[in-house]
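Note sheet for the following structure.
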Amino acid sequence: MQKERFCKDCGHLITHGVKPRYCEACAAVRIKNKTRDSEKKEEAAKRRRAANKRDMALDECVREIERVNAQRKQQGLAPLSYGKWAAGIMR
């Protein structure tokens, strides 16, 4: 016998899944919000990195480019030049 479960957000009776916490409608909204929030965090991090690039000394820039190029090498990508890195083309 299956225990009755109710949505944590809206309180509706849930009839699907093994141990669901949210009804289908609330689950869809949560997934949408989670995606949007992660995109906002990613954009904020990108802005912080761009602001840091403007304030870096040349030695720091070279170290950062070397770190980025090491990551790109692990991914099998070509290294970035200083101009492309400074322009923010790295994605």
Side-chain angles (χ1 to χ4, degrees):
M1 186 160 163
Q2 199 174 33
K3 182 180 175 184
E4 287 186 347
R5 295 196 175 266
F6 297 93
C7 177
K8 285 187 172 182
D9 284 345
C10 65
H12 284 105
L13 179 65
I14 301 173
T15 58
H16 68 281
V18 179
K19 284 189 172 183
R21 293 184 178 150
Y22 306 100
C23 66
E24 292 176 357
C26 291
V29 170
R30 292 176 68 82
I31 290 171
K32 180 180 173 184
N33 290 344
K34 185 177 180 180
T35 303
R36 186 187 66 224
D37 291 346
S38 65
E39 289 171 355
K40 283 184 179 179
K41 287 178 185 177
E42 198 172 305
E43 288 174 11
K46 197 175 190 180
R47 284 193 300 272
R48 280 194 305 274
R49 285 193 302 269
N52 287 341
K53 283 183 200 177
R54 289 190 293 270
D55 298 337
M56 285 185 190
L58 185 58
D59 290 341
E60 292 173 343
C61 289
V62 171
R63 282 194 298 269
E64 177 68 16
I65 292 170
E66 288 173 353
R67 184 188 66 77
V68 169
N69 283 336
Q71 288 177 345
R72 289 178 61 86
K73 185 177 181 180
Q74 288 177 348
Q75 296 171 354
L77 300 171
L80 291 175
S81 67
Y82 173 78
K84 287 184 180 180
W85 177 81
I89 294 175
M90 60 176 228
R91 293 192 191 268

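Since we're looking at a predicted model, the values are computed, not measured.
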(message) Under a 3.5 Å distance rule, please check whether D9 uses its side chain to pair with a backbone N or O of C26 as donor and acceptor.
(response)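 Checking the backbone N and O of C26 against the side chain of D9, no donor-acceptor pair under 3.5 Å is found.
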(message) Please check this pair: side chain of R72 against backbone of A78, looking for a donor-acceptor N/O pair closer than 3.5 Å.
(response)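 Checked: pair present.
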(message) Can you tell me how far apart CD (Q71) and CG (L77) are? Round to the nearest 0.5 Å.
(response)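 Nearest 0.5 Å value for the CD-CG distance: 10.5 Å.
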(message) To the nearest 0.5 Å, what is the distance between CD on E64 and CG on N69?
(response)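 These two atoms lie 10.0 Å from each other.
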(request) Answer whether the closest heavy-atom distance between the side chains of I65 and L80 falls below 4.5 Å. (result)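 Side chain of I65 against side chain of L80, heavy atoms only: no contact under 4.5 Å found.
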(request) Determine whether R63 and R67 make a side-chain contact, defined as any pair of heavy atoms from C-beta on separated by less than 4.5 Å. (result)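 No, their side chains stay 4.5 Å or more apart.
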(message) Counting neighbours of CD on E24 that are heavy atoms of other residues, nucleotides or ligands and sit closer than 6.0 Å, is the number greater than 12?
(response)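 Atom CD in E24 is not crowded, with 12 or fewer foreign heavy atoms closer than 6.0 Å.
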(message) Can you give me the closest heavy-atom contact between A27 and Y22, atom names plus distance?
(response)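 For A27 versus Y22, the nearest heavy atoms are N-CB, 4.1 Å.
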(request) Report yes or no: do N33 and R30 form a side-chain donor-acceptor pair below 3.5 Å? (result)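 Short answer, no.
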